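Structure first, then comments.
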Amino acid sequence: MVKEKWQEVSPGCMVFTPGNAREYHTGSWRAERPIWDNTKCIKCGICYIFCPEACIGQDADGYFMADLDYCKGCGICAQECWPGAIEMVEEG
Amino acid sequence: MAKRVGMEVGIAAAEAVGLCNIDVAAVYPITPQSHIAEHLSNIVADGRINAEFITVESEHSSISSLCGASATGARTYTATSSQGLMFMHELLPIVSAMRLPIVMGIANRAVSGPLSIWNDHSDIMPQRDSGWITMFAENGQEVVDMTIQSFKIAEHKDVMLPASVNIDGFQLTHMVEPIEFPTQKEVNKFLPDRKPFATLHPDKPITMGAFAMPDRFAEVMKAKDVAIVNSKKIILEVWKEWEKQFGRSYNPVETYKAKDADVLLVTMGSMGETAEIAIDELQKKGVSVGLVKIRLWRPFPTEELKAAVKGAKVLAVTDRAVSFGGVSGPVGMEVKSLFYHEKDRPLITNYIMGLGGRDVTVEDFIKMAEKAVEAEKKGITEEYEFYGVRG
């Protein structure tokens with residue numbers, strides 16, 4: 001990525017391509033990823049509700065998973081999952 | 001022919017805003033700014049102008065709501081004082097970073113504590129580094145003129161920065177002065193509609209006030225600094241235009257009988273007029289003394305101040321705020337740092353005076369000038385002095 005010089009900064013740092021935050025993959029920050037054990041998952045959706053990145057979605061069977069492009073690996077889902085279905089596993 | 005009327009300066013400030021075709025005002029009343037808030041709300045309520053007056057619950061909300069309104073392209077105004085300005089502080093650098101041309105009248109008042117409703121500059125000085133164009137009015141006419149000019153300066157495509165007009169509380173806001181008002185037609189000619197660089201609108205979404213990572217933040221700060229430094233060029237242009245249309249001239253630094261004077265008093269705000277009388281009396285006695293008045297505080301008029309004091313041996317810089325534990329008062333520090341690299345720099349004395357509404361009389365300015373004359377002989381013995389403090 002070419003970094004702007006100060007002369008190239010848009011006035012007021014305005015962004016004219018709204019929604020371009022999705023181009024920034026915060027998943028690159030991740031040190032640990034959440035792994036679901038679907039034998040323990042009761043599909044309550046508490047992981048989905050608590051995810052601060054709103055990056056957890058459901059598969060065709062209704063089980064949950066994280067979009068790893070944006071999951072920062074914060075582990076809140078694993079902390080909040082009361083049936084204990086989510087484990088944080090170190091990235092290899 | 002413009003109308004000349006006797007009017008309280010706070011009311012006149014609101015009347016000036018009423019001529020500027022504003023879209024939104026959000027003003028929370030606070031002494032000694034209240035008459036501006038009340039009168040502007042009357043102007044809107046009476047249907048004299050077609051604007052929205054938001055009756056906010058605090059100054060934090062007044063500046064926040066204007067931030068949003070200005071981002072949609074509206075012409076906006078607020079006014080405050082002292083604690084109200086302190087309460088706005090969090091938003092002030094955001095407004096300038098977003099390049100929103102909000103105009104604010106500040107009825108300068110001491111900051112608590114102890115609680116004081118009277119005039120000094122301790123409210124504006126903590127806002128110094130907020131990225132706002134900051135100017136000081138000396139009398140009611142200047143308040144009216146500078147309020148109108150400020151919209152044009154702030155909204156200029158090469159500026160796009162907020163601007164404040166500082167009006168000494170009570171000493172200016174509550175004085176009845178003869179003021180010449182331009183007509184609506186004249187103001188319309190001088191101040192066309194705002195043409196915003198970009199606006200918040202659902203049909204064409206953009207992001208304002210975004211986040212910056214460490215790899216961008218410094219570039220954004222540099223761009224903002226250059227923007228305010230460069231705004232001086234436009235300020236000068238707008239003042240020239242004003243002079244051409246209305247005949248009254250404005251300069252970043254004004255001088256009074258300063259040519260060839262050995263000692264120069266330096267003031268900012270309404271006390272300049274009192275100091276002028278002191279200069280007259282001293283010059284009658286043959287004392288080589290003149291007056292320099294700083295009108296534009298940010299961007300600081302470096303070249304203009306250097307030119308104005310060229311050849312002077314001593315500058316007696318007055319301050320109406322304290323930078324507790326600092327090298328001098330805020331203006332004193334600024335002026336000293338400006339001259340550090342100058343080969344023939346003058347001696348600089350610094351008097352902190354007129355705090356919390358304490359009167360500063362002609363006699364006081366004469367004494368300060370005499371102290372400065374003394375300093376020329378004996379040298380500087382202290383970085384700053386609380387002038388006239390008992391003890």
Side-chain angles (χ1 to χ4, degrees), chain A residues 1-34 46-58 64-80 86 88-92, chain B residues 66-68 70-73 91-102 130-132 154-162 194-231 234:
Chain A
M1 194 174 116
V2 180
K3 288 182 178 164
E4 295 159 298
K5 295 175 181 165
W6 70 262
Q7 295 93 336
E8 296 158 354
V9 172
S10 71
C13 223
M14 291 175 205
V15 180
F16 295 97
T17 46
N20 69 0
R22 72 165 62 90
E23 291 164 22
Y24 188 69
H25 289 178
T26 49
S28 65
W29 302 4
R30 198 175 51 246
E32 291 181 334
R33 69 169 65 192
I46 206 160
C47 55
Y48 166 86
I49 291 167
F50 271 90
C51 175
E53 286 301 306
C55 74
I56 293 175
Q58 276 177 293
F64 290 89
M65 61 197 178
D67 181 340
L68 294 178
D69 278 350
Y70 304 106
C71 171
K72 293 170 180 167
C74 69
I76 289 174
C77 54
Q79 171 72 28
E80 296 299 330
I86 306 174
M88 297 304 291
V89 178
E90 213 167 297
E91 290 286 354
Chain B
L66 289 194
C67 199
S70 187
T72 69
L91 276 303
L92 300 182
I94 297 174
V95 172
S96 57
M98 289 174 71
R99 308 291 296 273
L100 300 172
I102 297 170
S130 297
W132 283 55
E155 292 171 6
H156 192 284
K157 66 176 176 54
D158 297 334
V159 177
M160 299 201 303
L161 285 168
R194 179 181 167 199
K195 291 189 186 66
F197 173 76
T199 61
L200 286 184
H201 194 282
D203 291 348
K204 201 183 166 195
I206 64 167
T207 298
M208 289 189 190
F211 160 93
M213 294 287 279
D215 64 355
R216 282 190 98 221
F217 197 84
E219 281 68 29
V220 177
M221 291 301 104
K222 167 79 180 173
K224 179 171 162 180
D225 185 49
V226 171
I228 191 162
V229 169
N230 288 352
S231 73
I234 308 301

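So you know, we letter chains A, B, ... as the sequences are listed, proteins then strands, and number each from 1. Since this is a predicted model, take the numbers as computed values, not measurements.
Among A:S10, A:P11, A:G19, the residue making the largest number of heavy-atom pairs under 4.5 Å with chain B is A:P11. Contact count against chain A (heavy-atom pairs under 4.5 Å) is highest for B:K222 among B:M221, B:R99, B:K222, B:M208.
Contact detail for A:C13 and B:V220: the closest heavy-atom pair is SG-CG2, 3.6 Å. Closest heavy-atom contact between B:A198 and A:F16: CB-CE2, 3.9 Å. Contact detail for A:K5 and B:E219: the closest heavy-atom pair is C-CG, 4.1 Å. Closest non-hydrogen pair, A:P18 versus B:P205, comes out as CG-O, 3.0 Å.
Contact annotation for B:A223: both backbone and side-chain heavy atoms come within less than 4.5 Å of a heavy atom of chain A. Heavy atoms closer than 4.5 Å to chain A are found in the backbone of B:M98, but not in its side chain.
The number of heavy atoms from other shown groups lying within 6.0 Å of CD (A:Q79) does not exceed 12. Within a 6.0 Å radius of CD in A:Q7, more than 12 heavy atoms belonging to other residues, nucleotides or ligands are found. Within a 6.0 Å sphere centred on CZ of B:F217, heavy atoms belonging to other residues, nucleotides or ligands number 12 at most.
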